[in-house]
Each structure stands twice: as structure tokens, then as C-alpha cells.
Amino acid sequence: MKDGKPYVSTTNACKLCKPLGAAVAFRGIEGCVPFLHGSQGCATYMRRYVISHFREPVDIASSALGEKHAVYGGGPNLKKGLLNVMQKYGAQVIGVATTCLTETIGDDVGQILREFRAEFGQELKLPELVHVSTPSYEGTHMEGFHAAVRAVVDQLAEK
Ligand code: SF4
């Protein structure tokens, strides 16, 4: 009670989904397109949130998985999505973050990206591909941001 009136207390209201933080970190890299490996709804939610926060258009790509991929794996859609992003955005870097769905079904994104490089690396000029594991049932957008920055340094930094 405050001044005799009941009031609402909110604790940690701003804990948001982990790949959202990763998408913001990837978006801060020049020429980088954030790419969510998961269902369409995750990317739509994050786009909506980030656009209303920064008040400017922000593209976040998605492998747009459906029920079938939840059973058989999302590798083929991830590869198709990467080709689309390369073609449509001319991305220099693509930052792939996992979502709750792809973490739960256990997609090995590192392996899928190795296959992608082997399949298309000869005929196409590939952008830098970075991947980060961001299951949203642990941590928050802040851990997602840090994990993405760490992944960029781990996977792209040279001596
Ligand atoms: S399902 Fe998980 S990754 Fe997708 S928007 Fe919700 S919390 Fe984020």
C-alpha cells in the first residue's frame, strides 16, 4: 500500500528473449543481417519490438520453420534462407542466432554452416557466417547480446 492505495510492483519487467539481444548485436556490425533460425513468429516479434524501440526499419531474416522442420530438422530451410539473404540484401556478414524451437530439436547450426560452405563456397562468394546459440528459456536479451559479441570475436577475429 502507498498513501493508503494499492499499487502494482513489477520486477524485472524488461527480460526479453535471448536471440533478440543477439539480433541487436549483429545489427550493429556493418553489412550484417541478423538471421533467426526458427519460426517466422520469432522474427516478426523481434522486428516489431526493435522497430518500435529504435523507430527505424530493421530487417531480421528467418529460416521460417514449420511443423515438418520441427520433426525432420531445419537445415534445408536454413540453407535456403541464407541464399535468399545473400541474393536480396548482398549481406557481407550473416549472424545466425538459434531460437527456442531449434535449440529444442537440437539443430547443429555449426555443422549446417560447414555443409553450406562446402556446397556453395566454390560457385558463390559467401559472406562471413557467424552463429550463436541463444535458447530463450535461459538468460535474457542481455545474455543474447553478449553471446553474439563473443561469437563474432571467437569466429571472425584474426591474430
Ligand atoms: S519462441 Fe523463444 S526465441 Fe521465439 S520469440 Fe519466443 S522467446 Fe524468443
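If you're wondering where the values come from, they're calculated on a predicted model, not measured in any experiment. Each ligand, and each atom within it, is numbered from 1 in the order the structure gives.
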Fill in the blank from the handout: Rounding to 0.5 Å, atoms CZ (R27) and SG (C32) come to a distance of 8.0 Å
Practice task
Evaluate the 4.0 Å heavy atom contact test for atom 8 (Fe) of ligand 1: does a protein atom fall under the cut-off?
Solution key: yes
Practice task
May I ask whether M142 and M46 are part of the same hydrophobic cluster, defined by side-chain heavy atoms of I, L, V, M, F, W, Y residues being less than 4.5 angstrom apart, directly or through others?
Solution key: no
Handout entry: R150 CZ: over 12 foreign heavy atoms closer than 6.0 Å
Key = no
Problem - With sequence neighbours excluded, residues passing side chain to side chain contact (heavy atoms under 4.5 Å, CB included) with Y72 - result: K68
Problem - 2.8 Å shell around atom 8 (Fe) of ligand 1, exclusive bound, protein N/O/S atoms - result: 1
Fill in the blank from the handout: With sequence neighbours left out, the residues meeting side chain to side chain contact (heavy atoms under 4.5 Å, CB included) with L156 are E128, V130, V152
Completion exercise
Residues passing the side chain to side chain contact (heavy atoms under 4.5 Å, CB included) test with A23, sequence neighbours excluded, are P34, I60
